[in-house]
Amino acid sequence: MRSLTECPTESLEWWRTDTGPLGFELRSGEGTFATLAFLDDACILARVETAEGTWTLKHLGVMNPVVTLREEGGKANLATFHPHAFRQGRLEFLDGAVFDWAWDPAGLGGIFSDQGGMPLVRLHARTGRDLASPPGIEHGDVDLNSAHSIRYRHAVLAAFGWYLILFDHLKERDQAAAETALRM
């Protein structure tokens, strides 16, 4: 696994893996920079691995939802994502770092920005490659802001944003299936 701090690339892609549970790899021509795999059938708990470490992401709550980031096997939240109205949100780390999440109104994606509003990580999901592909998101584009030379959190931000996109997509798909079942 490579670190984004050592890589000059600005464009990467999430690709769905064919092994095991629903999983993805963040790649470019220079190698793999992160992995994300859901650990449960409800797609609430996910494991993220980067060169900087291994974490879990977990969606909690319905009326006042949050998403937590913990070191794998740890009990303390290292960061908490608080969604706001209009599908925006804020990711707050224990060390005081804060990143704003904004959904892309033009499509299935979003942007993590710093407190000054500068975009750091932009994600855009794409659905199946062809009619034979399994349903759902198959791959996504990730663009990194080259103005930031310090990228040690960019892989985590890319994984966190990808988790939010996937969770939102799966939730919408489940709601559509439930509505269809009720109409029958």
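Position 1 is the first residue of the sequence; numbering continues from there.
With a 4.5 Å cut-off on side-chain heavy atoms, Val66 and His82 count as touching. Residues Leu144 and Val121 meet the side-chain proximity criterion, which asks for heavy atoms closer than 4.5 Å. Looking at Gln115 and Arg90, their side chains come closer than 4.5 Å, going by heavy atoms from C-beta outward. Looking at heavy atoms from C-beta onward, Met1 lies in side-chain contact with Thr35 at the 4.5 angstrom threshold. Under the 4.5 Å side-chain criterion, counting only non-hydrogen atoms from C-beta, Phe160 is in contact with Val67.
The two residues Arg70 and Ala76 come nearest to each other via the heavy atoms CG-O, 3.3 Å. For Ala155 against Thr50, the heavy-atom pair with the smallest separation is CB-CG2, 3.6 Å. Closest non-hydrogen pair, Trp14 versus Ala158, comes out as NE1-O, 3.5 Å. For Asp114 against Asp100, the heavy-atom pair with the smallest separation is O-OD2, 4.2 Å. Between Leu57 and Ala159, the shortest heavy-atom distance links the atoms CD1-O, 4.2 Å. Taking all atoms of both residues into account, the shortest heavy-atom contact from Ile44 to Phe38 is N-CD2, 4.4 Å.
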- Can Arg27 and Thr32 be said to form a side chain to side chain contact (heavy atoms under 4.5 Å, CB included), step by step? CA-CA 4 Å; Arg27 302 182 240 168; Thr32 300; 3.8 Å; yes
- Task: Kindly determine whether Cys43 and Leu22 satisfy side chain to side chain contact (heavy atoms under 4.5 Å, CB included), including the steps that lead there.
- Result: CA-CA 8 Å; Cys43 295; Leu22 181 58; 4.2 Å; yes
- Message: side chain to side chain contact (heavy atoms under 4.5 Å, CB included), that's the test. Do Val156 and Glu52 meet it? Break it down for me.
- Response: CA-CA 9 Å; Val156 170; Glu52 291 74 33; 5.8 Å; no
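Heavy-atom contacts from other residues, nucleotides or ligands closer than 6.0 Å to CG of Asp95 number more than 12. Other residues, nucleotides and ligands contribute more than 12 heavy atoms inside 6.0 Å of the CD atom of Glu30.
Rounded to the nearest 0.5 angstrom, Glu49 CD and Thr56 OG1 are separated by 13.0 Å. Separating the CG atom in Leu12 from the OG atom in Ser28 is a distance of 5.0 Å, to the nearest 0.5 Å. Here Phe24 contributes atom CZ and Ile165 contributes atom CD1; the two are 10.5 Å apart, rounded to the nearest 0.5 Å. Atom CG of Asp143 is separated from atom OG1 of Thr9 by 9.5 Å, given to the nearest 0.5 angstrom. If you take CG on Leu36 and OG1 on Thr17, they are separated by 9.5 Å, rounding to the nearest 0.5 Å. In this structure, Leu4 CG and Arg2 CZ are separated by 9.0 Å, a value rounded to the nearest 0.5 Å.
Looking only at distances, no side-chain donor or acceptor of Thr54 sits under 3.5 Å from a matching main-chain atom of Glu72. Formation of a donor-acceptor pair under 3.5 Å by the Asp40 side chain with backbone atoms of Leu45 is found in this model. A donor-acceptor pair under 3.5 Å links the side-chain atoms of Asn145 to the main chain of Pro119, judged by distance alone.
Hydrophobic clustering places Leu164 together with Leu69 (ILVMFWY residues linked when any side-chain heavy atoms are closer than 4.5 Å, directly or through intermediates). Leu26 and Leu108 end up in the same hydrophobic cluster when Ile, Leu, Val, Met, Phe, Trp and Tyr side chains are linked at under 4.5 Å. In the hydrophobic clustering of this structure, Trp162 groups with Leu91; members are Ile, Leu, Val, Met, Phe, Trp, Tyr whose side-chain heavy atoms approach within less than 4.5 Å, directly or through other members. Linking Ile, Leu, Val, Met, Phe, Trp and Tyr whenever their side-chain heavy atoms come within less than 4.5 Å puts Leu157 and Phe81 in one cluster.
For Asp141, the salt bridge (charged side-chain N to carboxylate O under 4.0 Å, His left out) partners are Arg126, not counting sequence neighbours.
Using a 30° and 60° split on the angle between ring planes, Tyr163 and Phe167 fall in the parallel class, below 30°.
For Arg153 and Phe112, the positive end is not near the middle of the six-membered ring at less than 6.0 Å and at most 45° from its axis.
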